[in-house]
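Inspection log for the structure reproduced underneath, given as structure tokens.
All values below come from the heavy atoms of this structure, side chains included, with hydrogens, waters and symmetry mates left out.
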Amino acid sequence: MNAAPAPRSRRSEIVLLLALLVGVVCGAVVTLLMLPSTAPATSAVVQPEPCSAREAMLERHYLDTVRDSLLGLTHRTTELSVAPNAGDRVVHALVLNDRVEGKDWPVFGLTMVGGRRMENIEWALRKVVGEGVPGDFMECGVWRGGASIFARAVLDTLGEDGRKVILADSFEGLPAPRTGNDKSFWSQMEYLRVSLETVKQNVASYGMNPEASNMQFCKGYFVDSLPVCQVNQLAVLRMDGDMYESTMDQLFNLYQKVSVGGVVIVDDYGLPECKRAINEFKTWHNMDEPLVAVDSWSGRYWIKQKKLDSLHTEKYDALVPKKSAK
């Protein structure tokens with residue numbers, strides 16, 4: 001009896017499938033979700049480098065298939081949904097619009113950010129690459145790793161192997177609040193606990209090497225990990241920390257490392273604690289960059305227009321335990 005063939009990675013299956021397709025116009029956008037672009041109307045479109053029609057088609061379909069697979073939408077008849085709150089762990093039928101807007105938590109998908117916020121990641125990376133903005137992509141709060149996997153796929157497709165994808169997370173769920181600015185239920189949400197080993201396995205399942213030099217993992221609660229994480233320069237910073245304290249941890253430790261012209265993405269602006277942290281930080285530092293909506297609910301971003309002379313660290317000191325102070 002012949003042995004069963006070794007299973008292919010998801011990426012090799014995708015590439016094999018796409019190799020059977022025929023070409024379209026170079027640079028054309030074919031979107032499985034048929035979502036409108038999340039780029040602002042005033043932004044110039046970043047044109048791809050000259051390529052054959054076949055190459056452009058394969059790249060576009062590869063990214064669309066990776067994105068929709070990570071969202072749990074390539075098998076819509078079997079994907080299910082969990083309501084994003086502390087008390088409800090009942091599995092529901094998938095509602096496509098909720099998944100597009102990032103209003104549910106997937107059962108099988110590897111990201112909960114939703115379709116529009118995933119497209120925003122691609123738009124941001126194309127912008128910084130097209131404009132030559134230096135730096136890496138960093139996501140703080142990665143859950144199962146899906147958004148960062150997509151970022152790696154986009155950068156690889158653009159030929160930007162030298163830019164890192166940095167994944168920062170406790171890989172143990174959210175922390176208990178340190179002050180009265182946050183509620184304690186976040187730390188009790190078992191659904192948000194995903195181990196580092198599981199995230200690395202998810203990365204590998206898409207044909208990517210989690211141990212490669214252009215993949216970096218920063219493990220620990222942000223207040224402890226971000227001050228010591230080896231981050232030099234960022235072109236895109238994606239913040240997904242939910243809480244007031246976690247958002248401040250990211251801003252005070254990483255914002256000065258974002259290049260001018262870089263994109264700062266906020267996943268949780270629809271949550272009052274995160275919104276307050278963003279607004280306070282911008283007010284304290286006289287930042288007037290406009291926040292742009294990504295979806296109808298929580299996603300926002302701004303483009304960094306100037307480097308801050310200094311940070312008001314005295315505002316942050318009250319949030320940092322003595323043992324974690326820099």
Side-chain angles (χ1 to χ4, degrees), residues 81-92 98 102-114 117 138-148 166-202 217-229 237-255 265-281 297-300 315-326:
S81 172
V82 172
N85 60 63
D88 185 3
R89 284 295 164 267
V90 177
V91 174
H92 306 274
D98 287 348
K103 293 182 177 180
D104 73 336
W105 290 352
V107 171
F108 301 114
L110 300 186
T111 179
M112 59 176 67
V113 307
R117 280 174 256 168
M138 184 171 188
E139 183 180 31
C140 297
V142 306
W143 195 47
R144 295 173 178 169
S148 289
I166 306 171
L167 299 83
D169 202 294
S170 72
F171 302 101
E172 298 176 357
L174 274 70
R178 307 189 299 263
T179 66
N181 291 287
D182 290 297
K183 299 179 176 63
S184 62
F185 71 83
W186 288 110
S187 63
Q188 302 165 13
M189 301 177 85
E190 293 293 329
Y191 203 69
L192 301 181
R193 299 174 188 264
V194 182
S195 70
L196 175 59
E197 293 72 21
T198 297
V199 173
K200 286 187 174 183
Q201 289 173 3
N202 291 339
F217 296 84
C218 297
K219 187 178 188 302
Y221 293 131
F222 296 154
V223 66
D224 301 313
S225 65
L226 295 184
V228 298
C229 183
L237 171 61
R238 188 172 198 284
M239 302 191 297
D240 191 355
D242 300 290
M243 302 167 65
Y244 176 91
E245 294 163 357
S246 295
T247 302
M248 287 297 190
D249 293 337
Q250 295 167 76
L251 289 167
F252 274 95
N253 285 287
L254 298 174
Y255 190 72
I265 302 171
V266 184
D267 190 82
D268 303 307
Y269 196 73
L271 301 177
E273 293 82 3
C274 175
K275 181 177 182 178
R276 182 164 70 90
I278 295 294
N279 291 347
E280 288 183 357
F281 183 86
W297 180 47
S298 193
R300 300 289 188 275
K315 301 286 190 179
Y316 184 52
D317 289 343
L319 302 175
V320 181
K322 296 294 184 181
K323 64 178 182 179
S324 299
K326 291 182 276 186

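Taking 4.5 Å as the limit, every side-chain heavy atom of Val142 sits out of range of all side-chain heavy atoms of Asp240. The side-chain heavy atoms of Tyr316 and Val223, taken from C-beta on, include a pair separated by under 4.5 Å. The closest side-chain heavy-atom distance from Asp267 to Arg117 is below 4.5 Å.
No salt bridge links Glu197 with Lys200; every basic N to acidic carboxylate O contact stays at or beyond 4.0 Å.
When atom types are taken as modelled, the side chain of Glu245 and the backbone of Arg178 share a donor-acceptor pair closer than 3.5 angstrom. Looking at Arg193, its side chain does come within 3.5 Å of a backbone N or O of Ser187 through a donor-acceptor pair. Side-chain atoms of Asp182 come within 3.5 Å of backbone atoms of Tyr244 as a donor-acceptor pair (strictly under, hydrogens ignored). Checked by atom type and distance alone, the side chain of Ser184 never pairs as donor or acceptor with a backbone atom of Ala176 at under 3.5 Å. At distances below 3.5 Å, not a single donor-acceptor pair connects side-chain atoms of Trp186 with backbone N or O atoms of Pro177. Distance alone, capped at 3.5 Å, places no donor-acceptor pair between the Arg144 side chain and the Asn202 backbone. Ser225 contributes a side-chain N or O that, together with a main-chain N or O of Gly220, makes up a donor-acceptor pair within less than 3.5 Å.
Nearest heavy-atom pair across Leu226 and Asp249 is CD1-O, 3.8 Å. The nearest pair of heavy atoms linking Met138 to Ala168 is CE-CB, 3.8 Å.
Take Tyr221 and apply the ring pair (Phe, Tyr, Trp, His ring centres under 6.0 Å) test, not counting sequence neighbours, and it matches no residue.
Counted within 6.0 Å of NZ on Lys219, heavy atoms from surrounding residues, nucleotides or ligands total more than 12; the atom is thus considered enclosed.
Each of Gln250, Met239, Arg238 was checked for a side-chain contact (heavy atoms from CB on, under 4.5 Å) with Val266, and the lone residue meeting it is Met239.
Ring geometry for Phe281 against Phe252 counts as perpendicular: the plane angle is over 60°, on a 0 to 90° scale with 30° as the lower cut.
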